[in-house]
> 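Sharing a structure, written as C-alpha cells. Questions coming.
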Amino acid sequence: MKINDRLKRLDFESNQLLEVNLFDRSVNTLTETLNEQIIEQRAYRIAVMNREQELKETISNISHDLRTPLTAIIGYLQLLEREELSKDQAKSIKILLEKSLTMKNLTQAFFELSYFDSQLTDTELVRINLSNLLIDELLKESVNFDFSTIEPQLKIQEDCFVLTDKKLLTRVLQNLIVNVLQHGQEKVIVELTQKEKTVLKISNKYKAGTKIDTQRIFQRYYVADNNETNRSNGLGLAIVELLCHRLGIIIEAVVDPEYFTICLEVPSTK
C-alpha cells in the first residue's frame with residue numbers, strides 16, 4: 001500500500017524518484033526498474049522539447065531568409081507595372097504581384113509566430129500610457145480605414161497606464177487593427193477604460209451571414225469568412241493570443257448578432 005500511495009503522489013514532471021528501502025529484494029528491484037523508467041521518460045521529454053524548439057527556430061530562420069527575395073520580386077513587379085504593357089501582360093503582372101504580396105504576408109506571419117512561440121524575445125516590462133499608444137496606432141491606419149469605408153468610433157479614457165512590454169503590446173494592437181480592416185464592416189468601436197481593471201474592447205460589425213466560432217477564433221489558420229476575396233491567413237489572432245499569454249493579458253472573443261468583439265484585460269500600474 002505504501003508503494004502504491006507513493007506512485008499516486010509522484011510528480012512525473014519533476015526530478016522526483018521513488019525512494020523505497022525494504023528488506024524484500026524483489027520490491028527494491030521493482031523500485032529500481034521504475035526509477036529507470038522515470039529517468040528515461042524525463043530524458044525523452046527533454047529531447048522532444050529540444051526538437052520542438054529547434055523546429056520553431058528553423059521555421060523562424062527560413063521565414064526570415066525568404067522575406068528578402070520576396071521583397072526583391074515585389075519590387076521588380078511594381079516597376080514592371082509602370083511600363084507600357086499589353087492588357088494581358090498587365091493582368092499577368094497584377095496576378096503575380098498579388099500572389100507575391102500574399103506570400104510575403106504569410107512568410108511574415110510564419111516568422112512572427114515561430115519567433116514569439118520559441119520565446120527568443122525576453123519581455124521588458126515598463127510603465128506606458130496605453131491610451132496614447134492606442135491612438136497612435138489607430139492614426140497610422142487612418143488612410144486604410146478611409147479606404148475600407150470603416151468608421152472608427154473611439155471611447156478612449158485618457159492616461160490609462162499599464163505595466164507591459166511596449167514592443168509586444170504594440171504588435172498586439174497592430175494585429176487587432178489589421179483584423180478589423182480585413183474582416184470588419186461599416187463601423188468599429190474602440191473602447192478603453194481603467195477602473196479596478198484596464199479593459200480594451202475592439203468591436204467591429206461583420207459581414208451578415210458569417211458564422212464565427214469563438215472557440216476556434218484564436219486557432220492557427222482559422223478564418224471565419226473563407227472566400228476567394230479574403231486574403232487572411234488566419235495567423236493574426238493566433239499571434240495576438242500568444243503575445244497576450246506572454247504579457248499576462250486575459251483575452252476573450254465575443255460574438256453577438258451585430259458585432260464581433262475582442263476584449264483584453266491588461267495588467268495595470270499606478
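Fair warning: this is a prediction, and the values are worked out from it, not measured in the lab.
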> With side-chain contact (heavy atoms from CB on, under 4.5 Å) as the test, would you mind laying out the steps for Leu163 and Val126 before giving the verdict?
CA-CA 5 Å; Leu163 187 65; Val126 294; 5.7 Å; no
> Can you check whether Cys244 reaches Leu264 side chain to side chain, under 4.5 Å on heavy atoms?
yes
> When Thr198 is tested against each of Glu196, Lys195, Gln194 for side chain to side chain donor-acceptor pair (under 3.5 Å), which residue passes?
Gln194
> Among the clusters formed by ILVMFWY side chains lying less than 4.5 Å apart, do Leu192 and Val199 turn up in the same one?
no
> Please give me the minimum heavy-atom distance between Ile93 and Glu81, naming the atom from each residue.
CG2-CG, 3.6 Å
> Are any of the side-chain heavy atoms of Val162 and Ile128 separated by less than 4.5 Å?
yes
> Measuring from atom CG of Leu169 to atom OG1 of Thr164, what distance do you get when rounded to the nearest 0.5 angstrom?
4.5 Å
> Are Ile177 and Ile189 connected, step by step, through hydrophobic side chains (Ile, Leu, Val, Met, Phe, Trp, Tyr) whose heavy atoms are closer than 4.5 Å?
no
> Does the side chain of Ser100 reach to within under 4.5 Å of the side chain of Leu77, using non-hydrogen atoms?
yes
> For Val180 and Phe145: C-alpha separation, side-chain torsions, deciding distance, then whether side-chain contact (heavy atoms from CB on, under 4.5 Å) applies.
CA-CA 9 Å; Val180 170; Phe145 276 115; 4.2 Å; yes
> Atom OG of Ser92 and atom NZ of Lys87: how far apart are they, to the nearest 0.5 Å?
12.5 Å
> With a 4.5 Å cut-off on side-chain heavy atoms, are Glu258 and Tyr206 touching?
no
> Does some side-chain heavy atom of Ile249 sit less than 4.5 Å from a side-chain heavy atom of Pro267?
yes
> Mind listing the closest non-hydrogen atom pair of Glu124 and Asp165 along with its distance?
N-OD2, 2.7 Å
> For a side-chain contact (heavy atoms from CB on, under 4.5 Å) with Ile262, tell me which candidate from Val254, Leu176, Leu200 qualifies.
Leu176
> Is there a side-chain contact (heavy atoms from CB on, under 4.5 Å) between Gln78 and Leu97 once you walk through the steps?
CA-CA 7 Å; Gln78 288 172 335; Leu97 185 56; 4.0 Å; yes
> Please check if atom CD in Gln153 has more than 12 non-hydrogen atoms from other residues, nucleotides or ligands closer than 6.0 Å.
yes
> Any side-chain to backbone donor/acceptor pair from Asn175 onto Leu237? Under 3.5 Å, distance only.
no
> Working to the nearest 0.5 Å, report the span between OG of Ser148 and CD of Gln185.
9.5 Å
> Are Ile73 and Ile95 connected in the hydrophobic side-chain network, where two residues link if heavy atoms are under 4.5 Å apart?
no
> So does Glu186 pair up with Lys205, basic N to acidic O under 4.0 Å?
yes
> Looking at CG of Leu134 and CD of Gln157, how far apart are the two atoms once the value is rounded to the nearest 0.5 Å?
12.5 Å
> If Ile, Leu, Val, Met, Phe, Trp and Tyr residues are connected whenever their side-chain heavy atoms lie under 4.5 Å apart, and connections chain through other members, are Leu154 and Val172 in the same group?
yes
> Supply the atom-to-atom distance Ile150 CD1 to Gln182 CD, rounded to the nearest 0.5 angstrom.
10.0 Å
> Could you walk me through whether His183 and Phe260 pass the side-chain contact (heavy atoms from CB on, under 4.5 Å) test, one step at a time?
CA-CA 10 Å; His183 305 287; Phe260 169 72; over 6 Å; no
> Is the backbone of Cys160 close enough, under 3.5 Å, to the side chain of Ser131 for a donor and an acceptor to pair up by distance?
yes
> From Thr261 OG1 over to Glu252 CD, what is the distance, rounded to the nearest 0.5 angstrom?
9.5 Å
> Is it the case that one hydrophobic cluster holds both Leu139 and Ile156, taking links as side-chain heavy atoms less than 4.5 Å apart, direct or via other members?
yes
> Side chains of Asn144 and Glu141 only: does a donor on one sit below 3.5 Å from an acceptor on the other?
yes
> Is any side-chain heavy atom of Arg171 closer than 4.5 Å to a side-chain heavy atom of Leu243?
yes
